[in-house]
Amino acid sequence: MAYTKFTFDDDPQPPAQDSIKQTTPKTAPIPTAVLAETEKQKAFKVVDFQASDEEIDLPFPLGGGNSTSTSSNKRKRQESAHLDIDASGFETVGKKGKTLSKRDHGEGKRLREERERLAKERAELPIWSGQEAIQKAVKENDTVVILGETGSGKTTQVPQFLLTLFPNTPSTPRPPRIAVTQPRRVAALSLATRVAAEQGTKVGQRVGHSVRFDTVVGPATRLVYCTDGMLVRELLGDPMLSQYSAIIIDEAHERNISTDILLGSLREIQKIRNAPGATDDSGNPQVPLKVIVMSATLDAERFSTFFNHCPILYVRGRQHPVKIYHTEEDSDQYEDLAVRTFFQIHTARPDGDVLIFLSGQEDIDNLAQQIKFLSNQLERHYQNVLVLPFMASTSPLDQARVFQPAPARTRKVILATNVAETSITIPGIKYVIDTGVCKEKNYLSRRGTGIETLSLKLVSQSAAQQRTGRAGREGPGFCYRLYTSQTYKKMSAAPLPEILRTNLSSVVLQLKEIGVDDVQSFGFLDMPHPDFITESLMTLYGLGALDKTLHLTPTGSRMLKFPLDPAQARIVLASIDRSCTLDILDILALANETPIFTDPIDKRAESAEARASFRHRDGDHLTMLNVLRSYEALPKSDSAGRKLWCRDRFVNERNLKRAIQARDQMREICVRENVDWKTTAGDDSEPILRSLLDGLFMNTAIERDGEYKQMVGNSIVKIHPSSTMFGRRANAILYGEIVHTSNTYARSVSQVQYAWLAELPMFSFAGAGLE
DNA sequence: CTCTCCCT
């Protein structure tokens, strides 16, 4: 039996009350049944790990003196006040009552009691002792960067510190309103609820939230937790963000497109609103805009540099220790390593659930099968194993099981994509297995038409740290990285910001709307590649959103009213002329909530059959419309029946519901814009397909010898196997997107007529390539 | 012969 000894003799000293030390065996017995079964194909070798003492270098030494910096802005940094806020060094007793008791009017006893209970918890947060330092820094500077580790309490507390900083006095022209942005809507919603309770009020009073489909903000609201995308929307209608006196950009390290747009815009807004003696259009003094950038990783210095070398405050976090292990050798067989590592943990380590990070559905389904199979071979004295896949497309029912505690004598193992990497906490996780891979979307610029790719990538160091941290939410944990520490050191520090790897047509259109005519000169934190910008300008010109001088047209402005990308917004406008807006709004809403069908790997044949029952001869767009129409024809009152209907037909009901919500919002926008959304093409698909073509003319291909050749771009594309057009032949197709994975696949495909292509303004040069 | 993940 060729396997090496497997030891954990360098574990951290567990706390005295912890049971780890009594139950940890020195070597891991590998169950004979497992070995026998797998040895037929491959020797079941134990994975060797090395413990590593990974340390994070703080950019700002904690003990005061900051002379170790070697960066070019060293002098600047030394001038500004870098603070280290650490709960241990401060006495906070007696301070907490002061800010809270001030507003003890007329609220219910219950809210007051809740607030008082929460006040004790708040006072124990690491950030609490830094309240005065933070207030002082914000008072003295236009912008402050706060580097707060996870568990520091920055997201709930910093906004409340600012509330007391900007009192509502008669001299303030408007009640100072503070926005706090979040990358995810669930985060914005739950934070608003929590902070409202800490303030002793209900959401919609002093504290509100603002996310798509759900804005609860009242006249008394001073603090708004919103998604960053929502604030970008507000920016389009109010380029000075005049109703806010402070904007807090949270999770800035994630570098969303929306966050990057906001950071660039806020700096410009400050130049105007914070200039000495600045007045608004009516001649009133401008209220200066305070900006607080909050980040959880060590890129704080970049934000500081961007905002004129503003001060950085450092806040200690509170996280349980996680022991990190790396493999001794690198291997690309990460699925195999993950299985082995899981069983090493399962057979030799104390209770505690396991979270395995994988790249996507394929990995997850494979691993789930293997672990289920092998765990059934285990000797009976081992615990049961409960395997739970977890990705964004997992049904709500199955997602709920991920968060429920495991039954008695059972160890949960959760197989997750990076959906589990940020913000959500799964209770009970003690062990993390990090395969070190993820899927990442990228954009390649190529002769006028960009290409999106979705490919397997090594994660970044910061993602690896996030994954590791998932093991230390409730107590000390363990993280097994299926790569060497050398590989870790070679990983990029952070993922490439989204703005550097996406199609920019939405961004460019939005910037044009807020008056940024020369996108090249906009102050991005990271400047996108000039070719990306050129491509987006060409696309927008082709859609009629920009004129020949690249200025925004009335069509472009109208397109921005819809929460859609420019091509889709153009399709809506086309549908108005072609009298099929009802149908198009349904189709576009569905297209943005894919997948509409579920496709479990072990039931492929059944799900394909179910899809076929909705098939429309013209392709995926009208097939999805069939699904929606059938679903909406079911009795509204019978939600259990509808759920069953969806399950039997492999329809993802959650995505269908989300599409309906998005569709209804677009209908409301139509009403506001004086557009009749009730026009329908009935059974005639031609107006619908032609409307789609008006926006997707770049995404077209014609059939030649059984292959589809792009009209623009000249590549050969294949129809994705999940498409209803897969295996069928059409003269010409249009598609929602191209994705380069194992092949160049067109997804969301419908068939169109040659003749329609030739009539498009884009191809009116007598249809080159057409017959 | 198969789709990382958010957001308006």
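Lettering of chains follows the sequences in order, A, B, ..., and the numbering in each one begins at 1. What you are looking at is a predicted structure, and each value in this text was computed from that prediction instead of being measured.
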Self-check item: Pairs touching residues 564-575 of chain A that satisfy side-chain hydrogen bond (donor to acceptor under 3.5 Å, both in side chains), sequence neighbours left out
Solution: A:Gln568-A:Asn592, A:Ser575-A:Thr581
Exercise. Any pair with a residue in residues 604-614 of chain A that passes salt bridge (charged side-chain N to carboxylate O under 4.0 Å, His left out), sequence neighbours left out, goes on the list, sorted by first then second residue, please.
Key: A:Asp599-A:Arg604, A:Asp599-A:Arg611
Quiz item: Among all residues two or more places apart in sequence or in another chain, which pass the side-chain hydrogen bond (donor to acceptor under 3.5 Å, both in side chains) test with A:Glu440?
Solution: A:Asn442
Exercise. If a pair satisfies salt bridge (charged side-chain N to carboxylate O under 4.0 Å, His left out) and one of its residues is in residues 227-238 of chain A, list it, with sequence neighbours excluded.
Key: none
Output side-chain donor-acceptor pairs under 3.5 Å for residues 501-508 of chain A, partner residues at least two apart or in another chain, one line each.
{"residue": "A:Arg501", "atom": "NE", "partner": "A:Leu496", "partner atom": "O", "Å": "3.0"}
{"residue": "A:Arg501", "atom": "NH1", "partner": "A:Lys441", "partner atom": "O", "Å": "3.1"}
{"residue": "A:Thr502", "atom": "OG1", "partner": "A:Glu498", "partner atom": "O", "Å": "2.6"}
{"residue": "A:Asn503", "atom": "OD1", "partner": "A:Ser505", "partner atom": "N", "Å": "2.9"}
{"residue": "A:Asn503", "atom": "OD1", "partner": "A:Ser505", "partner atom": "OG", "Å": "3.1"}

Exercise. Using a 4.0 Å cut-off on protein heavy atoms (strictly under), produce a 5'-to-3' string for nucleotides 1-8 of chain B with B for base contact, S for backbone-only sugar-phosphate contact, and - for none.
Key: BBBBSSSB
